[in-house]
2 protein chains.
Amino acid sequence: MLEQAVLNLSSDDTTLSRKQVAMRERESELLDIACGIVAREGFAQLNMDKVAAASPYSKGTIYNHFNSKEDLFAALAIQALGKKIPLFKRALDFEGTSREKLIAMHTGMHLFSKLSPILAMCALVSRTPAVTEKSAPERLEKLNALEELVVSFGDKFIELGQRSGDLTLAPGITSDSIVFANWAMAFGTSSLVNNATQSSCVSRQLSTNIVLQNLNFLLDGMHWAPLSCDFDYQKTWERAEKDLYGKEIALLESQS
Amino acid sequence: MLEQAVLNLSSDDTTLSRKQVAMRERESELLDIACGIVAREGFAQLNMDKVAAASPYSKGTIYNHFNSKEDLFAALAIQALGKKIPLFKRALDFEGTSREKLIAMHTGMHLFSKLSPILAMCALVSRTPAVTEKSAPERLEKLNALEELVVSFGDKFIELGQRSGDLTLAPGITSDSIVFANWAMAFGTSSLVNNATQSSCVSRQLSTNIVLQNLNFLLDGMHWAPLSCDFDYQKTWERAEKDLYGKEIALLESQS
DNA sequence: ACCTGAACACCGTTCAAGT
DNA sequence: ACCTGAACACCGTTCAAGT
């Protein structure tokens with residue numbers, strides 16, 4: 001219910017006026033246009049004129065949706081999260097141990113950042129002062145609400161781990177600690193893999209599954225059983241790609 | 001020697017023309033001015049006019065130093081790294097095991113981000129597409145060279161770990177993997193602690209040493225002895241604050 | 001050779017007029 | 001009530017003139 005409210009996917013869409021629905025559709029249309037411009041010309045080349053010109057609407061209407069350029073970035077970050085969450089959820093039903101489910105979730109996130117690199121980048125950029133200082137407070141609230149939702153999903157993986165006995169929280173460690181550590185590792189790995197490719201310690205490892213490697217360090221450190229020395233999580237990763245995200249993989253391959 | 005070249009701290013400063021020295025001094029003067037504006041008004045309020053107005057120089061001269069606003073951010077990131085590296089180095093001589101030295105280094109990084117939050121933020125912002133797309137290639141090269149230097153220091157901690165027998169690299173794990181995992185974790189933790197404070201899983205833990213906690217997960221996962229269950233690394237952290245970074249701590253406390 | 005600041009250009013943002 | 005796009009304003013960037 002929280003989720004429905006946050007995602008605005010509730011079935012009482014019918015109670016929304018036609019205008020509100022149209023508004024939302026147009027917003028996502030504009031976001032797609034913005035993404036296209038970034039894809040073709042880069043982040044630095046995105047501006048509101050181009051968005052307006054590439055859309056059937058005028059500048060004024062654009063500003064009816066986003067009260068600044070930064071607000072547009074925050075909206076893109078929200079769209080990114082909205083697309084990530086369903087991938088996230090799928091991993092809960094992945095066949096395997098609790099740790100395998102969690103790894104499958106990270107597989108999904110990684111796939112997302114390969115499938116929608118621009119949206120994924122927006123999620124990172126939205127945690128940047130220029131954006132947080134200038135986008136609409138309501139927008140940031142929504143972004144935070146969505147992130148809370150992601151955290152609450154993270155909690156579910158941890159519950160599964162605890163219930164199955166695969167994970168025991170050491171004294172002083174809370175569910176929040178575990179979620180945050182996963183988030184921080186995923187965020188850091190993703191930021192650096194995307195924006196620090198010139199660094200030797202990144203480029204020399206491009207062939208290895210760097211995300212899984214970092215994740216295994218982390219989960220081993222949490223004593224989340226089975227440990228990576230006793231289990232082939234690379235297989236889990238590949239299985240998740242095939243079983244959970246086959247459609248997304250096919251899309252990726254059709255693009256290249 | 002690599003380091004001297006990169007940091008431009010070589011003793012043949014005397015061979016540099018007076019002009020070059022003046023240029024470098026003025027650049028750091030301008031960077032300090034920019035930091036001051038950000039501190040007082042925020043990132044979004046920084047512009048080149050204000051930098052010029054707050055300095056004894058004209059806009060044209062500012063553009064003699066930085067060929068775009070983004071280039072100025074990259075320069076700030078370089079300044080940040082230049083200030084971090086000495087803190088980094090100090091940790092190599094910290095009294096304790098190899099893991100304690102590494103933790104002490106993270107203590108230093110964390111202190112730096114508390115002592116110079118704006119510079120630390122610039123280091124994060126510099127890994128953002130707007131900046132990488134628009135700053136001068138030579139500037140980015142220098143940034144990368146400095147980061148290589150940091151990586152090479154990271155390697156030294158790992159060498160110490162291996163030589164002492166505290167750390168054994170599992171098959172398929174390289175020194176780069178370990179450095180990258182540390183970097184990613186530090187980067188992610190720092191980004192989120194600074195820019196996602198509204199999130200419940202961050203805010204609920206503000207009282208705990210979240211950086212050390214994440215680091216302990218990671219290092220335990222690497223089997224870097226002694227493990228956190230056998231050793232009180234919070235004490236190490238506090239000892240590093242006192243013994244290695246006492247001066248910086250004093251500065252912090254005098255500010256608040 | 002370098003510095004200056006007026007001028008320019010781009011683009012974010014607004015708003016009076018239109019529908 | 002909402003859309004439009006011309007107008008405005010801010011600010012990044014340049015360059016002719018000055019020293």
Side-chain angles (χ1 to χ4, degrees), chain A residues 16-27 29-31 33-34 37-38 40-76 122 125 128-139, chain B residues 16-27 29-31 33-34 37-38 40-76 122 125 128-139:
Chain A
L16 294 172
S17 69
R18 220 172 290 155
K19 275 175 195 170
Q20 283 174 291
V21 173
M23 192 77 173
R24 204 176 291 160
E25 271 168 17
R26 199 167 52 189
E27 179 151 324
E29 187 189 348
L30 291 172
L31 294 176
I33 287 169
I37 295 170
V38 174
R40 268 172 275 117
E41 309 179 32
F43 275 89
Q45 297 303 315
L46 179 71
N47 66 47
M48 302 303 253
D49 271 297
K50 287 182 187 171
V51 175
S55 83
Y57 315 106
S58 69
K59 267 185 165 195
T61 300
I62 311 291
Y63 274 88
N64 238 320
H65 286 273
F66 313 109
N67 62 28
S68 69
K69 189 186 170 182
E70 284 70 25
D71 198 39
L72 170 63
F73 277 114
L76 284 167
C122 288
V125 169
T128 253
V131 173
T132 46
E133 286 172 12
K134 287 204 67 189
S135 41
E138 315 87 62
R139 185 87 60 187
Chain B
L16 294 171
S17 69
R18 220 171 290 154
K19 275 175 194 170
Q20 284 175 293
V21 174
M23 192 79 172
R24 202 176 294 159
E25 271 168 18
R26 199 167 51 187
E27 180 152 323
E29 187 189 348
L30 291 172
L31 293 176
I33 287 169
I37 295 170
V38 174
R40 268 173 274 118
E41 309 180 34
F43 275 89
Q45 297 304 315
L46 179 70
N47 66 46
M48 300 304 253
D49 271 298
K50 285 182 189 171
V51 175
S55 81
Y57 314 105
S58 70
K59 267 186 166 195
T61 300
I62 311 291
Y63 273 87
N64 238 318
H65 286 272
F66 314 108
N67 61 29
S68 69
K69 191 185 167 181
E70 284 70 25
D71 198 39
L72 170 63
F73 277 114
L76 284 166
C122 288
V125 170
T128 253
V131 173
T132 45
E133 287 172 12
K134 286 203 68 189
S135 42
E138 316 86 62
R139 185 86 60 187

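With sequence neighbours excluded, the residues that form a side-chain hydrogen bond (donor to acceptor under 3.5 Å, both in side chains) with B:Arg26 are B:His65. With sequence neighbours excluded, the residues that form a side-chain hydrogen bond (donor to acceptor under 3.5 Å, both in side chains) with A:Tyr57 are A:Glu29. Checked against side chain to side chain contact (heavy atoms under 4.5 Å, CB included), A:Val38 has the following partners two or more places apart in sequence or in another chain: A:Phe43, A:Leu46, A:Ile118. Residues that satisfy the side chain to side chain contact (heavy atoms under 4.5 Å, CB included) test with B:Asn67, not counting sequence neighbours, are B:Asp71, B:Ala136. Listed by chain and residue number, B:Val131, B:Ser135, B:Arg139 satisfy the side chain to side chain contact (heavy atoms under 4.5 Å, CB included) test with B:Ala74 (two or more places apart in sequence, or in another chain).
Note on residues 50-60 of chain A: pairs passing salt bridge (Lys or Arg N to Asp or Glu O under 4.0 Å), not counting sequence neighbours, are A:Glu41-A:Lys50, A:Asp49-A:Lys59. Every pair passing salt bridge (Lys or Arg N to Asp or Glu O under 4.0 Å) that includes a residue from residues 61-70 of chain A is listed here, sequence neighbours excluded: A:Glu70-A:Lys134.
No side-chain heavy atom of B:Phe66 sits under 4.5 Å from any side-chain heavy atom of B:Val51.
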List the protein contact pattern of nucleotides 2-14 of chain D with one symbol per nucleotide (5' to 3'): B for base contact, S for sugar-phosphate-only contact, - for none; contact means a heavy-atom distance under 4.0 Å.
-SBB-----SBBB
Output one line per pair: protein atom, nucleotide atom from nucleotides 16-19 of chain D, and distance, for all N/O pairs under 3.5 Å.
none

Pairing string of DNA chain D (Watson-Crick or G-U wobble, both atom distances under 3.5 Å; | = paired to other strand) is ||.|||||...|||||.||
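Interatomic distance, CZ of B:Phe73 versus OG1 of B:Thr132, reported as 13.5 Å (0.5 Å rounding). For the atom pair CD1 of B:Ile33 and CD1 of B:Ile37, the computed distance is 7.0 Å after rounding to the nearest 0.5 Å.
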